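Note that the structure is predicted; figures quoted are calculated from it, not measured. FYI, side chains are in, hydrogens and waters are out, and symmetry mates aren't considered; it's all heavy atoms of this structure.
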Amino acid sequence: MKKILTIIALVTCVLFVKAQITITGADFGSIGFVGVQNNDTIPATLNVGNAGPLAQTWNFTALHTHYWDTIKFVNPITTPFGISFPMANIAVTQTNLPGFFNYLSSNAISIRFDGIGIPTHIFTQTTPAEAVVYSPQQLYLNFPSTYNAGFSGGTKYTYTIDTTFVSGPVTIDTLQERYTVKDTSHFDAWGTMTTPLGSFNSLRQKYIERRTDSLWAHTTTQGWQFVTATKDSTLTYRWYANAENIAIVEITMDTTWTVPKKAVWLKATPTGVPEIVNNQNILIYPNPASTDLNIVKSNDNAVYILIYDMMGRLVNESLLTDRATKLNTSSYSKGLYSYRILDNNKVNTLSSGKFIINN
């Protein structure tokens, strides 16, 4: 009987070892990676499972598609803020956030966030384009990562959110949000995960971020003055698999840390995935353009077009109700522009791309 129990224990141990995976730097994307992610805004019924040494089975086949996005890894020096992040070797951009860039330092031992590039007019009309540098870099993953691996760390960064602000008799020339972040990561579970994309041997990362957000105001007479502070925390689970370049599923929990609030999941494998361009038979011409831009739709559905300049500033937002529309671009400066076409609810991206003004 003891011999049988010993054999069973050995077989269980072998299966345990074989089923687990290790995530290394080779499993993370590099410059040129392109992927399509879906966003589920009502994932409350998903079961994120439990932590522990036994294999888990995660069934995420019921993930929804409320909107989707193209994510790209590009060379930082080709971006507007690259000079501010000399250590970064990857810049991440998304079609649903034109003008924004995340900057990463990726190597064989870790992935770290260097900071964010933010276009103008995000918070107010006087918000400048700015490079938000994290100090120190924020650790995102360390390698090799396997079950029970973890780390803790933190960072600080500052957003300038306004450059002109009047409050009663006091003229405030700058407002800033200053963040202090403490985070912990623990690969607390492993097993098999199934999504609409397929089934994967996976590791689950439990990532907790605790933030203190302080508002500061600057006046010419009193200098920097503390205004107020708030604290919050988030719990996010991420599932990784070998050779998939990014997390296959990322689920952010609600404030109670018990109910899924939002899910982002990989819709298409990265190999050969194109940018979301004209997937709804929407034609934009000529390119280059000078005084006019023509937009032709294949149906009568109303859509919005949003046009951004090279710095990510919104220069035009128009509702298109006709099948053919002519936009006057004679006032546009010469240069490269990007566009997004959204459905009538401004939720789904129907088309995106770039055009040149050469007038």
Measure from the side-chain N and O atoms of [X] to the backbone N and O of [Y], and report whether any donor-acceptor pair falls under 3.5 Å.
X      : Y      : value
Thr329 : Tyr332 : no
Asp27  : Ala241 : no
Asn142 : Ser110 : no
Ser202 : Phe200 : yes
Asn301 : Asp343 : no
Asn107 : Ile109 : yes

Answer yes or no: are there more than 12 heavy-atom neighbours, outside [X] itself, under 6.0 Å from its atom [atom1]?
X     : atom1 : value
Ile31 : CD1   : yes
Ile77 : CD1   : no
Ile83 : CD1   : no

Contacts of type ring-ring contact (aromatic ring centres under 6.0 Å, His included), residue Trp224, not counting sequence neighbours: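 With neighbours one apart ignored, the set is His218.
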
With sequence neighbours excluded, what pairs up with Phe187 under the ring-ring contact (aromatic ring centres under 6.0 Å, His included) test?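 Once residues adjacent in sequence are excluded, Phe187 has no partner under the ring-ring contact (aromatic ring centres under 6.0 Å, His included) criterion.
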
Tell me the closest heavy-atom pair linking [X] and [Y], and the distance in Å.
X      : Y      : answer
Leu319 : Asn344 : CD1-OD1, 3.8 Å
Leu63  : Val249 : CD1-CG2, 4.3 Å
Thr70  : Val36  : OG1-CG2, 4.4 Å
Thr24  : Pro144 : CG2-CB, 4.4 Å
Asn50  : Arg204 : C-NH2, 3.7 Å
Phe143 : Ala108 : CB-O, 3.4 Å

Without hydrogens or angle criteria, can the side chains of [X] and [Y] be said to hold a donor-acceptor pair below 3.5 Å?
X      : Y      : answer
Thr57  : Thr192 : no
Thr158 : Gln176 : no
Asn38  : His66  : no
Asp69  : Thr95  : yes
Asn316 : Ser318 : yes

Transitive ILVMFWY side-chain link [X] to [Y], under 4.5 Å:
X      : Y      : result
Leu46  : Val259 : no
Ile71  : Tyr240 : yes
Phe113 : Val74  : no
Met87  : Val133 : no

Decide yes or no for Ile116 and Tyr134: does some side-chain heavy atom of the first lie under 4.5 Å from some side-chain heavy atom of the second?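 Yes - at least one pair of side-chain heavy atoms lies under 4.5 Å apart.
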
Walk me through whether Tyr159 and Tyr179 qualify under ring pair (Phe, Tyr, Trp, His ring centres under 6.0 Å). CA-CA 8 Å; Tyr159 290 126; Tyr179 289 86; 5.6 Å; yes

Intermediate values then yes/no, side-chain contact (heavy atoms from CB on, under 4.5 Å), Tyr103 and Thr79: CA-CA 10 Å; Tyr103 292 87; Thr79 68; 2.7 Å; yes

Non-neighbouring partners of Lys182 that pass side-chain contact (heavy atoms from CB on, under 4.5 Å), sequence neighbours left out: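 Once residues adjacent in sequence are excluded, Lys182 has no partner under the side-chain contact (heavy atoms from CB on, under 4.5 Å) criterion.
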
Working for side-chain contact (heavy atoms from CB on, under 4.5 Å), residues Thr325 and Ile305: CA-CA 11 Å; Thr325 303; Ile305 183 168; over 6 Å; no

Does the cation-pi check pass for Arg238 over Tyr207, that is, NZ or CZ under 6.0 Å from the six-membered ring centre and within 45° of its axis?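 Here Arg238 passes the 6.0 Å and 45° test against Tyr207.
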
Show your working on side-chain contact (heavy atoms from CB on, under 4.5 Å) between Ile208 and Lys206 and close with a plain yes or no. CA-CA 7 Å; Ile208 297 173; Lys206 180 181 181 181; 4.0 Å; yes

